[in-house]
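In what follows, a single structure is set out as structure tokens and then discussed.
Given the structure is predicted, the values throughout are model-derived calculations rather than measurements.
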Amino acid sequence: MVEYHEPAVMGILNVTPDSFHADSRASEHNSICEKVEQMVTEGARFIDIGGYSTRPGCHDVTPEEELRRIELGMEALRSVSPDIPVSIDTFRAEVAEYAVKNLSVNIINDISGGQLDPLMYDTVARLQVPYIIMHMRGTPQEMMVNTAYDDLLADVIRELANIVDRLNLLGVNDIIIDPGFGFSKTLEQNYLLLKHLDFFEDFHMPILVGISRKSMLTKLLNISTNDALEATTALNMAALQRGASILRVHDVAPAVQAVKIFKALETTDSY
């Protein structure tokens with residue numbers, strides 16, 4: 001089981017041509033190596049590699065193409081950093097299993113929480129690796145039509161709890177919770193979710209927050225994705241103050257700085 005004694009930063013490596021933040025994309029060996037080296041130097045504790053863009057309205061990608069991208073990315077990544085823990089951002093059991101067994105991937109990061117592949121839970125149970133379950137309804141292509149909740153917080157927590165219960169029955173206990181900011185959530189719902197992020201501490205599991213440069217920032221502030229770094233940092237601090245264990249980000253250095261400031265605030269003695 002991965003231990004989280006203090007907040008950590010996860011760097012995003014998109015080996016895709018269409019992820020929503022263009023500067024996060026890398027599709028050839030040298031550019032991947034440069035991004036990985038920069039993230040490691042800046043203090044990333046994990047790297048999350050993805051070969052399937054899940055931005056709203058994204059195009060489907062075959063498992064074969066997804067794996068081809070991941071293989072390219074992992075070859076370059078491990079040439080730069082042989083030991084850093086890597087999570088694979090995929091909702092497909094066959095891709096996850098191949099990556100863990102053959103590409104030295106350590107963690108499975110599933111945006112669907114196992115809802116899009118009936119084989120995923122058994123696969124995770126067999127592999128016994130940490131499993132990130134994110135809350136989302138439907139597929140990446142249709143998720144934004146599934147934003148109707150009776151009670152947002154109660155519904156999201158209940159749906160994640162049902163997944164945790166199923167996993168526990170299979171012997172999976174190393175679970176990380178991701179509330180799913182930007183996935184099946186409206187602008188207002190994203191901020192309500194973040195405001196009450198501490199509710200998710202009842203799981204007694206690490207909480208991953210992925211809000212980096214997302215539309216909950218760009219739409220609110222009427223800015224572009226490229227101009228959303230400062231807003232991302234502000235929102236990351238808010239997430240840390242509400243219990244976030246892992247910040248999944250495009251820009252590692254500012255997130256690491258936010259963590260250091262948060263830790264200083266938390267450890268400073270009161271008068």
Quiz prompt | Smallest separation among heavy atoms of L77 and I32, with atom names | solution = N-CG2, 4.3 Å

Quiz item: Looking at CD1 of I12 and CG of L247, how far apart are the two atoms once the value is rounded to the nearest 0.5 Å?
Solution: 10.5 Å

Practice problem: For the residue pair E42 and V256, establish whether any side-chain heavy-atom pair is separated by less than 4.5 Å. | Solution: no

Practice problem: Step by step, work out the side chain to side chain contact (heavy atoms under 4.5 Å, CB included) result for D251 and T232. | Solution: CA-CA 9 Å; D251 311 277; T232 295; 5.7 Å; no

Self-check item: Residue list, salt bridge (charged side-chain N to carboxylate O under 4.0 Å, His left out) with E159, at least two apart or on another chain
Solution: R137

Practice problem: Check side chain to side chain contact (heavy atoms under 4.5 Å, CB included) between A96 and all other residues, then give those that pass, not counting sequence neighbours. | Solution: T90, I108, M120

Self-check item: Distance in Å, M10 CE paired with I107 CD1, rounded so as to fall on 0.5 Å steps
Solution: 5.5 Å

Quiz item: Just wondering, do F46 and I84 contact through their side chains at under 4.5 Å, heavy atoms?
Solution: no

Quiz prompt | Partner set under side chain to side chain contact (heavy atoms under 4.5 Å, CB included) for K263, not counting sequence neighbours | solution = E6, V259

Practice problem: Decide yes or no for R92 and E66: does some side-chain heavy atom of the first lie under 4.5 Å from some side-chain heavy atom of the second? | Solution: yes

Exercise. Using the salt bridge (Lys or Arg N to Asp or Glu O under 4.0 Å) rule, collect all pairs that involve residues 100-112, keeping only residues at least two apart or in two chains.
Key: E97-K101

Exercise. Would you check if the side chain of S112 reaches a backbone N or O of L116 as a donor-acceptor pair within less than 3.5 Å?
Key: yes

Quiz item: Between L152 and Q189, does a side chain to side chain contact (heavy atoms under 4.5 Å, CB included) hold up when you go through it step by step?
Solution: CA-CA 7 Å; L152 175 70; Q189 287 169 345; 3.7 Å; yes

Quiz prompt | N190 side chain reached by L194 side chain, heavy atoms, under 4.5 Å | solution = no

Self-check item: Heavy-atom side-chain proximity of K35 to L13 below 4.5 angstrom
Solution: yes

Self-check item: Single-linkage hydrophobic cluster, 4.5 Å side-chain cutoff, L229 and L220 together
Solution: no

Quiz item: Heavy-atom count around D165 CG within 6.0 Å, excluding the residue itself: above 12?
Solution: yes

Exercise. Please check if L187 and L192 belong to a single hydrophobic cluster, counting links between Ile, Leu, Val, Met, Phe, Trp and Tyr side chain heavy atoms closer than 4.5 Å.
Key: yes

Exercise. Name all residues meeting the salt bridge (charged side-chain N to carboxylate O under 4.0 Å, His left out) criterion together with D89; count only those two or more places apart in sequence or in a different chain, and write none if there are none.
Key: R248

Quiz item: Given side chains that start at C-beta, do those of I49 and V15 come closer than 4.5 Å, heavy atoms only?
Solution: yes

Quiz item: If every non-hydrogen atom of A44 is compared with every non-hydrogen atom of V252, which pair is closest and at what distance?
Solution: N-CG1, 3.5 Å

Quiz item: Have S104 and R78 got a donor and an acceptor in their side chains that come within less than 3.5 Å?
Solution: yes

Quiz item: Is any side-chain heavy atom of V129 closer than 4.5 Å to a side-chain heavy atom of D174?
Solution: no

Practice problem: Establish whether V105 and L119 are linked, either directly or via other cluster members, by ILVMFWY side-chain heavy-atom contacts under 4.5 Å. | Solution: no

Quiz item: What are the two closest non-hydrogen atoms of S184 and M136, and how far apart are they?
Solution: OG-CG, 3.7 Å

Quiz prompt | Side-chain touch L170/V124, heavy atoms, less than 4.5 angstrom | solution = no

Quiz item: For D122, which residues count as a salt bridge (charged side-chain N to carboxylate O under 4.0 Å, His left out) partner, sequence neighbours excluded?
Solution: none

Practice problem: Measure across K214 and F183 and return the closest heavy-atom pair with its distance rounded to 0.1 Å. | Solution: NZ-CE1, 3.5 Å

Exercise. Can you measure from OG (S81) to CD1 (I47) and round to the nearest 0.5 angstrom?
Key: 6.0 Å

Quiz prompt | Over all atoms of both residues, closest heavy-atom pair of Q128 and G171 | solution = NE2-O, 3.3 Å

Practice problem: Only counting residues at least two apart or in another chain, list the ones meeting salt bridge (charged side-chain N to carboxylate O under 4.0 Å, His left out) with E65. | Solution: R68, R69

Quiz item: Between atom CD of E37 and atom SG of C33, what is the distance when rounded to the nearest 0.5 Å?
Solution: 8.0 Å

Considering only distance and modelled atom types, tabulate donor-acceptor pairs under 3.5 Å from the side chains of residues 197-211, sequence neighbours left out.
none

Quiz item: Would you find a donor on one side and an acceptor on the other, under 3.5 Å apart, between the side chain of N106 and the backbone of V86?
Solution: yes

Quiz item: Taking only residues two or more places apart in sequence, or in another chain, which ones meet E188 in a side chain to side chain contact (heavy atoms under 4.5 Å, CB included)?
Solution: T186

Quiz item: With sequence neighbours excluded, what pairs up with D227 under the side chain to side chain contact (heavy atoms under 4.5 Å, CB included) test?
Solution: I223, S224

Quiz item: Judged by atom type as modelled, is there a donor-acceptor pair below 3.5 Å linking the side chain of D48 to the main-chain atoms of G11?
Solution: no

Self-check item: Check: E34/Q38 side-chain N/O donor and acceptor closer than 3.5 Å
Solution: no

Quiz item: What residues form a ring-ring contact (aromatic ring centres under 6.0 Å, His included) with F181, not counting sequence neighbours?
Solution: none

Quiz prompt | Approximate separation, where rounding is to 0.5 Å, of S212 OG and L217 CG | solution = 8.5 Å

Self-check item: ring pair (Phe, Tyr, Trp, His ring centres under 6.0 Å) contacts touching residues 87-138 (sequence neighbours left out)
Solution: Y52-F91

Quiz item: Could you go step by step and tell me if L103 and E75 meet the side chain to side chain contact (heavy atoms under 4.5 Å, CB included) rule?
Solution: CA-CA 8 Å; L103 302 178; E75 179 184 4; over 6 Å; no

Quiz item: So Y191 and L235, side chain to side chain contact (heavy atoms under 4.5 Å, CB included) or not? Walk me through it.
Solution: CA-CA 10 Å; Y191 282 95; L235 218 53; 4.0 Å; yes

Self-check item: Distance (rounded to the nearest 0.5 Å) between D151 CG and R158 CZ
Solution: 8.5 Å

Quiz item: Side chain of N168, backbone of V172: donor and acceptor closer than 3.5 Å?
Solution: yes

